[in-house]
Amino acid sequence: MISGRELAIGVYGAWRLLHFDRDAIQYFDSTIGGFWKSFYAALVVLPAVIVLRVLFLADNPDVAAAAGSIRITLVFALDYVYQWVVFPLVMINIADGIGRSRQYTTFIVARNWSQVIQVAIILPAAFLFVLSGSEEAGFGRAVLIVAHMATWAYGWFIARTALDISGIAAALIVLAELVISVAISVMSELLIRAV
C-alpha cells in the first residue's frame with residue numbers, strides 16, 4: 001500500500017521534472033518497493049483516462065453504438081493494463097542494451113509518476129478538441145497536437161535525466177514508447193470496431 005505522503009512526493013517530483021529540474025530525480029524512491037508503488041499512479045490517473053475514453057466515444061458515437069458497452073469496457077480495461085505494463089517490460093531490454101540497467105528502476109518510477117502530469121496536460125486539450133466541433137476542429141486539433149508534443153518533450157527530459165543518456169538516445173526511447181502506445185491503441189480500436 002502507498003501512503004499519501006509517498007504519493008504526494010512522487011507527483012511533486014514529476015512536477016519538478018516538468019520544470020526541467022534535473023535534481024527532481026532525488027524525490028523518487030528507486031528501491032524495488034518504490035518501483036512497485038509508482039504503479040499506483042495508474043489508479044490516480046484512471047478517472048481522467050475514463051473521461052478521455054468517454055470523450056473518444058462521444059466523438060465516435062457510431063463506434064459506441066455498434067460495439068456495445070461491455071465490449072468497450074473490456075477492451076479499454078485491457079488497453080489500460082497493457083499501456084502500463086508493456087513499455088516497462090520492453091524497457092528492461094533497452095536499458096540493458098544501452099548499459100543503463102542500474103538506472104532502469106529510477107527511470108520507470110519517474111516515468112510512472114509523470115503520467116499524472118501528462119494526463120493533466122492532455123485532458124484539457126482533448127476536451128477542447130471534442131467540444132470545439134467541426135467549425136473549430138483545426139484549432140482544437142492544433143491544441144491537442146501541441147499538448148502531445150509537450151508531453152513528448154517532458155518524456156524526453158525524464159529519459160535523458162533518469163537514464164543519464166544523450167538527447168538522441170532519449171528521443172529514441174520516447175519514440176519507442178510512442179510506437180508501443182500507438183500499437184496498443186490501434187489494436188484496441190480494431191477490437192472495438194470488429195463486429
Side-chain angles (χ1 to χ4, degrees), residues 6-46 48-49 52 79-126 141-188:
E6 289 170 313
L7 192 151
I9 290 171
V11 174
Y12 180 72
W15 175 251
R16 293 304 315 153
L17 284 172
L18 181 66
H19 293 84
F20 297 102
D21 178 4
R22 285 176 139 323
D23 294 332
I25 289 298
Q26 69 182 329
Y27 292 105
F28 300 108
D29 179 358
S30 297
T31 65
I32 295 300
F35 172 84
W36 292 115
K37 287 179 180 181
S38 72
F39 285 92
Y40 275 93
L43 294 177
V44 174
V45 300
L46 182 59
V49 171
L52 285 169
D79 177 285
Y80 194 64
V81 170
Y82 288 149
Q83 293 285 359
W84 278 89
V85 172
V86 174
F87 177 71
L89 289 174
V90 170
M91 194 60 208
I92 293 170
N93 293 319
I94 294 174
D96 187 49
I98 62 174
R100 292 296 187 272
S101 294
R102 289 184 177 182
Q103 291 89 350
Y104 168 80
T105 303
T106 302
F107 170 67
I108 295 299
V109 170
R111 179 246 181 206
N112 284 352
W113 287 117
S114 78
Q115 299 301 308
V116 177
I117 306 300
Q118 291 189 38
V119 168
I121 292 169
I122 295 295
L123 186 60
R141 185 173 288 112
V143 170
L144 189 57
I145 289 169
V146 168
H148 278 293
M149 290 173 67
T151 63
W152 299 333
Y154 179 42
W156 172 85
F157 181 76
I158 291 169
R160 185 161 191 209
T161 303
L163 294 169
D164 192 24
I165 55 177
S166 71
I168 292 172
L172 291 173
I173 286 172
V174 170
L175 180 61
E177 183 174 11
L178 178 62
V179 167
I180 289 167
S181 179
V182 169
I184 293 168
S185 294
V186 167
M187 287 301 298
S188 296

- Message: Does the plane of the ring in F39 sit parallel, tilted or perpendicular to the ring in W36? Use 30° and 60° as the thresholds.
- Response: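 Tilted.
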
Does [X] [atom1] have over 12 foreign heavy atoms under 6.0 Å away?
X	atom1	result
R22	CZ	yes
W84	CH2	yes
Y82	OH	no

Rounded to the nearest 0.5 Å, what separates atom [atom1] in [X] from atom [atom2] in [Y]?
X	Y	atom1	atom2	answer
I92	T105	CD1	OG1	9.0 Å
R16	I9	CZ	CD1	14.5 Å
L178	F87	CG	CZ	10.5 Å
D96	Y104	CG	OH	11.5 Å
R102	D164	CZ	CG	13.0 Å
I173	I158	CD1	CD1	12.0 Å

[X] and [Y]: which non-hydrogen atoms are nearest, and at how many Å?
X	Y	value
W113	K37	CZ2-O, 3.8 Å
L52	A126	CD2-CB, 3.4 Å
R100	L163	NE-O, 2.7 Å
L17	Y154	C-CE1, 3.6 Å
I108	S38	O-OG, 4.3 Å
P124	V119	CD-O, 4.4 Å

- Is there a donor-acceptor contact under 3.5 Å linking the side chains of S30 and Q103?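 Absent: no donor and acceptor within the cut-off.
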
- Side-chain touch V45/Q118, heavy atoms, less than 4.5 angstrom: no

- Task: Check whether any side-chain heavy atom of E177 sits under 4.5 Å from a side-chain heavy atom of R111, and report yes or no.
- Result: yes

- Non-neighbouring partners of F20 that pass ring-ring contact (aromatic ring centres under 6.0 Å, His included), sequence neighbours left out: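 Result, ring-ring contact (aromatic ring centres under 6.0 Å, His included) vs F20: F157.
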
- Item | Exam field: side chain Q115 to backbone A42, donor-acceptor pair closer than 3.5 Å |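 No; zero donor-acceptor contacts below 3.5 Å.
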
- Any residue meeting side-chain contact (heavy atoms from CB on, under 4.5 Å) with I168, in chain and number order, not counting sequence neighbours: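 I168 satisfies side-chain contact (heavy atoms from CB on, under 4.5 Å) with S166, L172 once adjacent residues are dropped.
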
